[in-house]
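See structure below.
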Amino acid sequence: MKEYDHNKIEKKWQKEWSDGDVYKTLDSKKAKAKKLKPFYVLDMFPYPSGAGLHVGHPRGYIGSDVYSRVKRMQGYNVLHPMGYDAFGLPAEQYAIEHKIHPRKAVDINVKTFEKQLSIIGLSYDWSRRVNTTDPEYYRWTQWIFLQLFNSYYDTKKNKAENIDSLVKVFEKSGNAKVNAHHTCKIIFSGKEWKNFDALKRQEILMNYRLTYEAESEVNWCEGLGTVLANDEIVDGKDGKQVSERGGFPVEKMIIKQWSMRITAYADRLIKGLDTLEWSSHIKEIQKNWIGESVGSEIEFKIKDNDEKIKVFTTRADTLFGVTYVVLAPESILIEKLSDQIKNKKEIEKYISDVKNKPEEDRKSAEKEKTGVVLEGIYAINPANNEEVPVWVADYVLSSYGTGAVMAVPMYDERDNQFAVKYNLPIIDRPLVDIKEITEMVGGKIVTKYKMRDAIFARQRYWGEPIPLRRDRDGIISSVKKLPLELPKVTSYEPTGKAEGPLAGVKAWVKDGYETNTMPGWAGSSWYFLRYMDPKNGKSLVGENEINYWKNVDVYVGGAEHATGHLLYSRFWHKFLKDIGVAKTEEPFKKMKNQGMILASDNRKMSKRWGNVINPDEIVKTYGADTLRVYEMFMGPFDQSLPWSTESIIGSRRFIERVWRLSAKVSNSKTSSELEKVLHKTIKKVNEDIENFAFNTAISSMMIFVNEAEKNECISVSDFKMFLQILAPFAPHFTDELWHEMGEQKSIHISGWPKYNPKKIIEDSMKIVVQVNGKVRSELSISIDATDDQIKEIALKDKVIISWVNGADIKRVIYVKGRLVNIVV
RNA sequence: GCCCGAGUGGCGGAAUUGGUAUACGCGCACGACUUAAAAUCGUGUCUCGCAAGGGAUGCGGGUUCGACCCCCGCCUCGGGCACCA
């Protein structure tokens, strides 16, 4: 018997697999010729950070690898690729810290990453690797940007449409009745449209485009020199907002920015969640993030004025209890009403004070609410024609609902606080039916969302250039020839202004290109489509390929991307579906989220704590097979677990026991008892892997080995079946033993064993007998026994008779195949 | 504050989702092999009790023949949102 030398075996098989193209994915044409069905298993591609991997990083990759290997063995044409998300802040920060160009830093980091990953024995088809910073890749990111730019959202057809068709409508009949998701505040006729100059038209269309430029409030991070998305910000120690990366302070600012109209898809993004096999936890987070709420829009007339105040409320049933109305300080109505406002100066001062106040003060719930009454202005409650005062107050947000609120201090806590502070009446009126009252006052039921449009620009160098140019008159046009390559700069450090380092490239600016670049999520929002057809120079993905693969079948990655990547990808995918590129409504049908591996001190692994365990070391001492088995065995896949180098020995022992078990393989038959255990194990492993319950799959294989060791021999065919179910977890040494059993081809393309239902049938069953719910006896009864027979046998059992002790038997409950409970 | 999730031996965890709680593994103890050690193998290992038996799934109650699982009220930890009308 050879010694188990993991280093030798693992090196040998990794080379064999690579030389033999064992994990090569077939393109659709070849696959169809062979009648192979597609199966797409995807890992979230990493930022190649350069810090090196710790033992926790590969956990998700190992899980998805096990799953992919099973699918491959089951005869699917498996697409299991890997690539790099290398644009964006992490890569750029690393480059700045290490004083090298981000391009070089990315290349170095990718190499380090691949070297570390290669020793784990993952079954990627490396020939399909993508990198978001590759011009041949970001050419298509830019292409998608332009498609969005040239589209608007048709709310009637409920899909994106080309902006040209909207222009035609404008020409014909203006915009009064368009069915479009927009922010356009002016109404014009077809005639007026024709008289608008090009700049005016551009300005109007900007309100409809799915990628648009607008003044918007942004999170400005001085430390990183850029604007950040809401999901890139976290609460700092003192409760103030800081950047997730680096922990720098973040403040609100109004800047003209490129944005994406994700809000147009809010409804579809919520509805689609029901069709997804994702953890309910992540669906819940997305649902809350999108924040759908159904309520009523109700108009309050203004006394002695033609203007109206439109409020949004989810509590129209409290309409009779309204004692005042509040406008957000940003409300344009205030300007319109100014002639009638008696305390104009005071109002103006209040508004400017609010604007200069940091947003975090304004948003904190503990903060005292402030406000000023608009003297001379009264709103008329449409339900009872009562005149109520109108206030401006900073607790009303302009960005949500209609930017105006009807205040019902009796029922709303915030209104109540405000009313108490400013001595406003609090009245108790009976509640009415929401639907009825809304109809009665001529309002309508509408749906509002908390989600905001996504800002699509970063004031940084290391990102995709925005493929637009602006001529001297300010007219924007699409760049015709993609990719628009990122120019070389002398300094890629942040400039600290609302423009990026590209502003320092004279030729770039002269040509009218944008100095902002795209945010990190641009390249990662569609990469899964590129893997289907990574070298296609004519289109983002070929028709044949996308029709074959359709979408990702199983997506594996961290749960922390719930409101970022996973939402943006769904948004883009839906858009790509609308324009005919994607073929399904959702990109990721099923998703599994791996838990983090913590250090043994239960903290995150980090250089800072000095508790990092390096996978290279573990592979060297214990082997990749052991590492893989251990990481899958240590606990539920989606749960965060502490690493224990002490416990890994159990997985190593398991592998060695299988290795030694091969000495018991012979041509004689396996005992029927062991055969039964084997087939049960095959059944269990198959089910468990399908559910990503890898830990219990391994434990059942351990039970089989324990059982097998008690036997004198095991047949070649039975042992081979066992190797096959173990192979996805420990691919190297199982392939070695497989060949030792006389096989020529790799075990990983050898087929997946099926259990034989006949071989797991028991001829007797173990029935537990309880008296009043307490276990008192155990019986072995023939499988053919009827329910009544079983009850009778239980009642006649000596132990049971002594427990019942002649008492009246009230009930006898029989649970099929499990237990009898006798109630006395 | 609001919305999710979790809490089981010394440790990681299992339990067919209402039916034998603690599978599997680590650790520990004892034994075998060995001059010895390592490795390996065997036995034991929730708790009280000599035993018969009793008690334990964060705490307190409830439903049920039967509850880790369902319901009500707490506690602790993790995650999400946060003046969203």
Side-chain angles (χ1 to χ4, degrees), chain A residues 230-231 235 279-289 291-293 295-296 311-316 318 326 328 362-369 393-397 399-408 411-415 417-418 448-452 559-560 562-563 595 600 602 629-630 633-636 638-654 656-657 660 684 687 693 695-706 709 766-778 810-824:
Chain A
N230 285 341
D231 60 275
D235 286 341
S279 77
S280 52
H281 175 64
I282 299 231
K283 287 195 201 180
E284 191 71 26
I285 291 175
Q286 285 207 352
K287 220 177 232 169
N288 290 340
W289 182 265
E292 184 181 73
S293 93
S296 317
V311 302
F312 174 71
T313 179
T314 53
R315 296 294 310 272
T318 65
V326 196
R362 200 173 150 192
K363 278 208 167 161
S364 95
E366 295 93 64
K367 201 219 82 181
E368 276 262 311
K369 299 178 192 348
D394 62 353
Y395 80 95
V396 173
L397 307 173
S399 48
Y400 184 73
T402 57
V405 162
M406 58 175 227
V408 188
Y411 289 102
D412 187 278
E413 209 185 306
R414 294 152 304 186
D415 298 342
Q417 280 173 21
F418 193 78
K448 299 280 180 193
Y449 301 94
K450 289 178 193 165
M451 183 175 61
R452 301 291 141 77
E560 69 274 16
T563 55
S600 44
N602 259 309
V629 167
Y630 177 62
F633 178 65
M634 57 196 294
D638 56 4
Q639 196 172 307
S640 287
L641 298 160
W643 176 264
S644 163
T645 303
E646 205 179 44
S647 300
I648 197 173
I649 190 70
S651 302
R652 167 74 186 202
R653 278 182 198 146
F654 168 61
E656 285 177 3
R657 291 166 90 179
R660 285 196 299 269
K684 170 96 174 128
E687 291 163 357
N695 54 332
T696 49
I698 291 169
S699 105
S700 68
M701 287 188 280
M702 285 171 167
I703 293 170
F704 170 78
V705 172
N706 290 346
E709 278 175 343
K766 202 168 74 179
I767 300 291
V768 165
V769 187
Q770 298 181 331
V771 177
N772 288 334
K774 283 197 194 285
V775 180
R776 297 304 180 190
S777 181
E778 204 179 284
K810 291 188 189 117
R811 269 172 87 180
V812 178
I813 294 149
Y814 171 59
V815 182
K816 219 162 186 56
R818 298 207 176 275
L819 60 74
V820 176
N821 188 14
I822 296 159
V823 186
V824 296

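A note on names: the letters A, B, ... follow the listed sequences, proteins ahead of strands, and every chain is numbered from 1.
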* **From A:I282 atom CD1 to A:E560 atom CD, the distance as rounded to the nearest 0.5 Å** => 8.5 Å
* **Base partner of B:rU17, which must satisfy Watson-Crick or wobble distances under 3.5 Å** => none
* salt bridge (charged side-chain N to carboxylate O under 4.0 Å, His left out) contacts in which one or both residues fall within residues 280-289 of chain A, not counting sequence neighbours -> none
* For atom CD of A:E709, decide whether the heavy atoms of other residues, nucleotides or ligands shown that lie under 6.0 angstrom number more than 12. => yes
* Determine the minimum heavy-atom distance between A:R452 and A:S399, stating which atoms define it. => NH1-OG, 3.1 Å
* Assign the ring pair A:F312 / A:Y400 to parallel, tilted or perpendicular, where the plane angle (0 to 90°) is split at 30° and 60°. => perpendicular
* Structure fact -> Answer for the Watson-Crick or wobble partner of B:rC70, both distances under 3.5 Å, is B:rG62
* Please work out if A:R776 contacts a base, only the sugar-phosphate, or nothing of the nucleic acid, heavy-atom cut-off 4.0 Å. => sugar-phosphate
* Just compare B:rC83, B:rC65, B:rG27 and give me whichever is closest to any side-chain atom of A:K369. => B:rC83
* Does B:rG9 fall in syn (glycosidic angle within 90° of 0) or anti? -> syn
* Quick one: is A:K774 getting a side-chain N or O under 4.0 Å of the B:rG19 phosphate, OP1 or OP2? -> no
* Asked: To the side chain of A:V775, which of B:rU20, B:rC24, B:rC83 is closest?
  -> B:rU20
* Structure fact -> Taking every heavy atom of A:D415 against every heavy atom of A:D412, the minimum-distance pair comes out as N-OD1, 3.0 Å
Sequence neighbours excluded and cut-off under 3.5 Å, please list the side-chain donor-acceptor pairs for residues 767-775 of chain A, or say none.
residue : atom : partner : partner atom : Å
A:N772  : OD1  : A:V824  : N            : 3.1

* To do: Examine B:rA85: is either OP1 or OP2 under 4.0 Å from a nitrogen or oxygen in the side chain of A:Y400? Give yes or no.
  => yes
* Same-atom distance (P) from B:rG9 to B:rC69, integer angstrom -> 15 Å
* To do: Can you tell me the pairing partner of B:rG27 across any strand shown, Watson-Crick or G-U wobble, with both distances under 3.5 angstrom?
  => B:rU45
* What nucleic acid atoms does A:T314 come within less than 4.0 Å of, heavy atoms only: base, sugar-phosphate, or nothing? -> sugar-phosphate
* Asked: Is there a donor-acceptor pair under 3.5 Å between the side chain of A:N821 and the backbone N or O of A:I813?
  -> no
* To do: Using the P atom as the reference point in each nucleotide, state the distance between B:rU63 and B:rA14 in Å, no decimals.
  => 31 Å
* Asked: Looking at A:R811, does any N or O in its side chain come under 4.0 Å of the phosphate oxygens OP1/OP2 on B:rC65?
  -> yes
* Asked: Taking CG from A:N706 and P from B:rU43, how many angstroms apart are they, rounded to a whole number?
  -> 10 Å
* Asked: Is any side-chain nitrogen or oxygen of A:S293 closer than 4.0 Å to OP1 or OP2 of B:rA85?
  -> yes
* Take atom CD of A:Q770 and atom C1' of B:rC65, then tell me their distance rounded to the nearest Å. => 9 Å
* Distance, rounded to the nearest Å, where A:N821 contributes CG and B:rG19 contributes C1' -> 9 Å
* Asked: Checking all strands, does A:I813 fall into the base, sugar-phosphate, or nothing category for heavy-atom contacts under 4.0 angstrom?
  -> base
* To do: Among the candidates B:rU20, B:rG19, B:rA85, find the nucleotide nearest to the side-chain atoms of A:E778.
  => B:rU20
* For nucleotides B:rG7 and B:rU16, find the distance between their C1' atoms and express it as a whole number of Å. => 23 Å
* At under 4.0 Å between heavy atoms, which parts of nucleotides 7-17 of chain B does protein reach? Answer with one letter per nucleotide, 5' to 3': B base, S sugar-phosphate only, - none. => -----BSS-B-
* To do: Among B:rG25, B:rC26, B:rC24, find the nucleotide with the atom closest to the side chain of A:R657.
  => B:rG25
* To do: Measure the CD1-OG distance between A:I285 and A:S279 for me, rounded to the nearest 0.5 Å.
  => 7.5 Å
* Asked: Please give, in whole Å, the distance from B:rA85 P to A:F312 CZ?
  -> 6 Å
* Can you tell me, in whole Å, how much space there is between the C1' of B:rG13 and that of B:rA23? => 10 Å
* Which value, in whole Å, describes the distance between the P atoms of nucleotides B:rU57 and B:rC2? -> 29 Å
* For A:V823 and for A:Y449, find the nucleotide of RNA chain B with the closest heavy atom, then tell me which residue's nucleotide is more 5'. => A:V823
* Given that both distances must come in under 3.5 Å, which nucleotide forms a Watson-Crick or G-U wobble pair with B:rA6? -> B:rU76
* From B:rC24, B:rA85, B:rG19, nucleotide with atom closest to A:M702 side chain -> B:rC24
* If you look at every strand shown and take non-hydrogen atoms under 4.0 Å, does A:I649 touch a base, only sugar-phosphate, or nothing? -> sugar-phosphate
* Asked: Whom does B:rA36 pair with, Watson-Crick or G-U wobble, provided both distances fall under 3.5 Å?
  -> none
* Structure fact -> From NZ of A:K766 across to P of B:rG19 the rounded distance in Å is 16 Å
* To do: Kindly say if A:R653 contacts the phosphate of B:rA39, meaning a side-chain N or O under 4.0 Å from OP1 or OP2.
  => no
* Starting at atom CD1 of A:I285, determine the distance to atom C1' of B:rG5, rounded to an integer number of angstrom. => 10 Å
* To do: Between B:rA6 and B:rG18, how far apart are the P atoms? Round to whole Å, please.
  => 14 Å
* Asked: A:V768 near the nucleic acid: base, sugar-phosphate alone, or nothing, with a heavy-atom cut-off under 4.0 Å?
  -> base
* Structure fact -> Taking a pair to mean Watson-Crick or G-U wobble geometry with both distances below 3.5 Å, B:rG1 pairs with B:rC81
* Of the listed nucleotides B:rG19, B:rU40, B:rC24, the one nearest the side chain of A:S699 -> B:rC24
* Return the value, rounded to whole Å, for the distance between atom CG of A:N772 and atom P of B:rG54. => 11 Å
* Taking atom P of B:rG78 as reference, at what distance in whole Å does atom NE2 of A:H281 sit? -> 14 Å
* Asked: Taking side chain as C-beta onward, heavy atoms only, is A:M406 less than 4.5 Å from A:T318?
  -> yes
* **P-based separation of B:rG44 from B:rC24 [nearest Å]** => 11 Å
* C1'-based separation of B:rG60 from B:rA67 [nearest Å] -> 16 Å
* Asked: Between A:F654 and A:Y630, is a side-chain contact (heavy atoms from CB on, under 4.5 Å) present by the stated rule, with each step listed?
  -> CA-CA 10 Å; A:F654 168 61; A:Y630 177 62; over 6 Å; no
